[in-house]
Amino acid sequence: MSKKQSFSEKCYSLLRKVPHGRVTTYKAIAEALGTKAYRVVGNAMHKNPYSPRVPCHRVVCSDSKVGGFALGKRRKIEMLKKEGLQIEKGKVKSFEKRLFEFN
DNA sequence: CGGTTGACCAAGT
DNA sequence: GACTTGGCCAACC
């Protein structure tokens, strides 16, 4: 564990806490880190060097929309469905219910 | 140090 | 519901 983590690396660490079958938002992560850099979170996910280690596919938009994915959002949706989530027209069903919050 | 870049967000048209 | 606009901010060059 390094001591000096970049903002992006902090995102990964935080995201790692998200349990199976739950989702979070770019905004939630940014705010949890004490900033409003929503976009930076997205940037970090796009780079995501920790692919399987960090569940980047569990991050969605605040509007309940699935958002994007490096390998295509279609793949992202499939993975989420596999985790028990229900997706409809690119949006997460019961989004707020499935939303995991960092305390 | 300035400019560009986004897997975003919110409000408006 | 699709599209536009302005704002936000770390990382990169």
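No experiment lies behind these values; they were computed from the predicted model shown. Proteins come first, then strands; the chains are lettered A, B, ... in the order of their sequence lines, and each starts at number 1.
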Identify every side-chain donor-acceptor pair in residues 64-80 of chain A under 3.5 Å, counting partners at least two apart or on other chains, and give the distances.
residue	atom	partner	partner atom	Å
A:Lys76	NZ	A:Val59	O	2.6
A:Lys76	NZ	A:Val66	O	2.9
A:Lys76	NZ	A:Gly68	O	3.0

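- Note that CD of A:Glu88 and OG of A:Ser94 are 9.5 Å apart. Values are rounded to the nearest 0.5 Å.
- Contacts of residues 77-103 of chain A with DNA chain C (heavy atom under 4.0 Å): none.
- Checked against side-chain hydrogen bond (donor to acceptor under 3.5 Å, both in side chains), A:Arg58 has the following partners two or more places apart in sequence or in another chain: A:Glu83.
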Determine all donor-acceptor pairs shorter than 3.5 Å in which one atom belongs to a side chain in residues 11-23 of chain A; sequence neighbours excluded.
residue	atom	partner	partner atom	Å
A:Tyr12	OH	A:Ala44	O	2.5
A:Tyr12	OH	A:Asn48	N	3.4
A:Ser13	OG	A:Gln5	OE1	3.3
A:Ser13	OG	A:Glu9	O	3.1

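- We find the CG-OG1 distance between A:Leu99 and A:Thr24 to be 5.5 Å, quoted to the nearest 0.5 Å.
- A:Glu31 is linked by a salt bridge (charged side-chain N to carboxylate O under 4.0 Å, His left out) to nothing, counting only residues two or more places apart in sequence or in another chain.
- Contacts between residues 12-28 of chain A and DNA chain B, defined by a heavy-atom separation under 4.0 Å, are made by A:Tyr26, A:Lys27.
- The shortest distance between side-chain heavy atoms of A:Ser62 and A:Tyr26 does not fall below 4.5 Å.
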Between the protein and nucleotides 11-13 of chain B, which nitrogen or oxygen pairs are less than 3.5 angstrom apart?
none

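- Taking every heavy atom of both residues into account, A:Ala30 and A:Phe7 meet most closely at CA-CZ, 4.5 Å.
- Proximity of A:Thr25 to A:Tyr38: side-chain heavy atoms (C-beta onward) are nowhere separated by under 4.5 Å.
- For A:Val92, the side chain to side chain contact (heavy atoms under 4.5 Å, CB included) partners two or more places apart in sequence, or in a different chain, are A:Val60, A:Leu85, A:Ile87, A:Phe95.
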Check: Base, backbone or nothing for each nucleotide of nucleotides 4-13 of chain C, written B, S, -, heavy atoms under 4.0 angstrom, 5' to 3'?
Finding: ---BBBBSS-
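- One interatomic measurement links the two molecules: NZ of A:Lys65 to P of B:dA10, which rounds to 11 Å at whole-angstrom precision.
- Here B:dA7 presents its P atom at 13 Å from CZ of A:Phe69, a figure rounded to the nearest Å.
- Atom-to-atom distance recorded for A:His57:NE2 and A:Lys82:NZ is 10.5 Å, nearest 0.5 angstrom.
- Note that SG of A:Cys56 is 10.5 Å distant from NE2 of A:His46, once rounded to the nearest 0.5 Å.
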